[in-house]
Amino acid sequence: MADMDAFRDEIARWAAGGAPDAAAELAADLGLRTAVLLEGPSDLAAVEALAAREDRDLTAEGVAVVSMGGAMSVGRFAGLLGPPGLGLRLTGLCDAREEPFYDRGWQRAGAVRDFHVCVADLEDEMIRALGPERVEEVIRAEDELRPWQTFLAQPAQHGRPRHQQLRRFLSTRKGRKIRYGSLLVQALDGARPPAPLADLLAGL
């Protein structure tokens, strides 16, 4: 049976200069119709967590959620997955500062502009949606209170708004952003997800 992880691996190989045959075969086997282009794995974790929270199986719906390893790769991935390549409908999520890369990528692929923009980044959106106090509760639940307190004691953090401190903390250790990408979505409980993330899922 075709596997989404295998498809993502083949897309990465194709993007690195490999042959398209295996990716095209897997796309057909999976019945893919839409590709969601994301900057990195923390965004992927958040999208998959929200889909699970809404009891949606994106693979069964023909949706491939792809982490590109950086917004500067969007032109390449849009060309491979969009009209010039596999012919999938393109959508995605990006940070505001990366919006020009996405615009150019969609234009070069001849795709209809259809992606959602975070004010700063998705972590910023999640912190604002949850509120700093709730994010700190998640940090405590993950047994990271001591690293958080050590981080706050750094001179560079003195006087900074708590929102900014939290956003920076999530990026201070390898793998932390990815882990909290799903944890913060799970912490939403009954709260509405950030608009860019909610609108992305609603449009799939």
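Residues: numbered from 1 along the sequence shown.
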Hey, mind stepping through M4 and V65 against side-chain contact (heavy atoms from CB on, under 4.5 Å) and telling me if it holds? CA-CA 9 Å; M4 182 56 68; V65 185; over 6 Å; no
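- Looking at S73, its side chain never comes within 3.5 Å of a backbone N or O of G69 through a donor-acceptor pair.
- Contact check for W106 versus L37: side-chain heavy atoms found under the 4.5 Å cut-off.
- Note on L170: it clusters hydrophobically with M126, by side-chain heavy-atom contacts below 4.5 Å among ILVMFWY residues.
- L30 CG to E25 CD: the interatomic distance, rounded to the nearest 0.5 Å, is 10.5 Å.
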Stepwise salt bridge (Lys or Arg N to Asp or Glu O under 4.0 Å) check, E48 with R8: CA-CA 14 Å; E48 290 190 328; R8 289 172 180 147; 2.9 Å; yes
After noting the C-alpha distance and the side-chain angles of V119 and R128, does the key distance pass the side-chain contact (heavy atoms from CB on, under 4.5 Å) rule? CA-CA 11 Å; V119 172; R128 285 192 285 113; 3.4 Å; yes
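- Side-chain N/O atoms of Q165 and R162 include a donor and acceptor closer than 3.5 Å.
- Looking only at side-chain heavy atoms (C-beta outward), L204 and T91 come within less than 4.5 Å of each other.
- Under the 4.0 Å criterion applied to side-chain N and carboxylate O atoms, D124 and R168 are not assigned as salt-bridge partners.
- V36 places none of its side-chain heavy atoms less than 4.5 Å from the side chain of V66.
- A salt bridge does not link R179 to E123: none of the charged nitrogens lies less than 4.0 Å from a carboxylate oxygen.
- Counting only heavy atoms from C-beta outward, the side chains of I11 and L86 approach each other to under 4.5 Å.
- Hydrophobic clustering (side-chain heavy atoms under 4.5 Å, transitive across Ile, Leu, Val, Met, Phe, Trp, Tyr) groups M72 together with L90.
- For G92 against L200, the heavy-atom pair with the smallest separation is O-CD1, 3.7 Å.
- A salt bridge links R113 with E99: the distance from a Lys NZ or Arg NE/NH1/NH2 to an Asp or Glu carboxylate oxygen falls below 4.0 Å.
- By the 4.5 Å heavy-atom criterion applied to side chains, E144 and F169 are counted as neighbours.
- Nearest heavy atom pair, residue L184 against residue L130, reads O-CD1, 3.6 Å.
- Rounded to the nearest 0.5 Å, atoms CG (L81) and OG1 (T34) are 11.0 Å apart.
- Side chains of Q107 and R104: a donor-acceptor N/O pair is absent below 3.5 angstrom, by distance only.
- Two residues are said to be in side-chain contact when any heavy atoms from C-beta on lie closer than 4.5 Å; D103 and F115 meet this criterion.
- We find the CG-CG distance between L188 and L183 to be 11.5 Å, quoted to the nearest 0.5 Å.
- No continuous path of hydrophobic side-chain contacts links V63 to L88 [ILVMFWY only; heavy atoms under 4.5 Å].
- Remark: L166 CG to Q157 CD distance equals 10.0 Å, nearest 0.5 Å.
- Within the 4.5 Å cutoff, side-chain heavy atoms of W148 are placed close to those of L145.
- Note on L197 and L58: same hydrophobic cluster, where clusters join Ile, Leu, Val, Met, Phe, Trp and Tyr whose side-chain heavy atoms are under 4.5 Å apart, directly or indirectly.
- Closest of all the heavy-atom pairs between R134 and A187 is NE-O, 3.5 Å.
- Taking every heavy atom of both residues into account, R192 and A195 meet most closely at NH1-CA, 3.5 Å.
- Note: D43 CG to M68 CE = 9.0 Å, rounded to the nearest 0.5 Å.
- In this structure a side-chain-to-backbone donor-acceptor pair under 3.5 Å is present from R56 to L201.
- Cluster membership for V112 and L80, using ILVMFWY side-chain heavy atoms within less than 4.5 angstrom, is not shared.
- Here the side chain of H163 pairs no donor or acceptor atom with the backbone of I127 at under 3.5 angstrom.
- The local environment of CZ in R33 is crowded, with over 12 non-hydrogen atoms from other residues, nucleotides or ligands closer than 6.0 Å.
- In this structure, the separation between CG on D29 and CG on D3 is 11.5 Å, given to the nearest 0.5 Å.
- A donor-acceptor pair under 3.5 Å links the side-chain atoms of Y102 to the main chain of L93, judged by distance alone.
- Judged by distance alone, the side chains of Q186 and Y180 never bring a donor and an acceptor atom under 3.5 Å apart.
- A 4.5 Å side-chain heavy-atom check between L32 and F7 finds at least one atom pair inside the cut-off.
- Closest approach of L122 and A46 over heavy atoms only: CD2-CB, 3.5 Å.
- Within 6.0 Å of the CG atom in D57, the count of heavy atoms belonging to other residues, nucleotides or ligands exceeds 12.
- Between S67 and P41, the shortest heavy-atom distance links the atoms OG-N, 3.2 Å.
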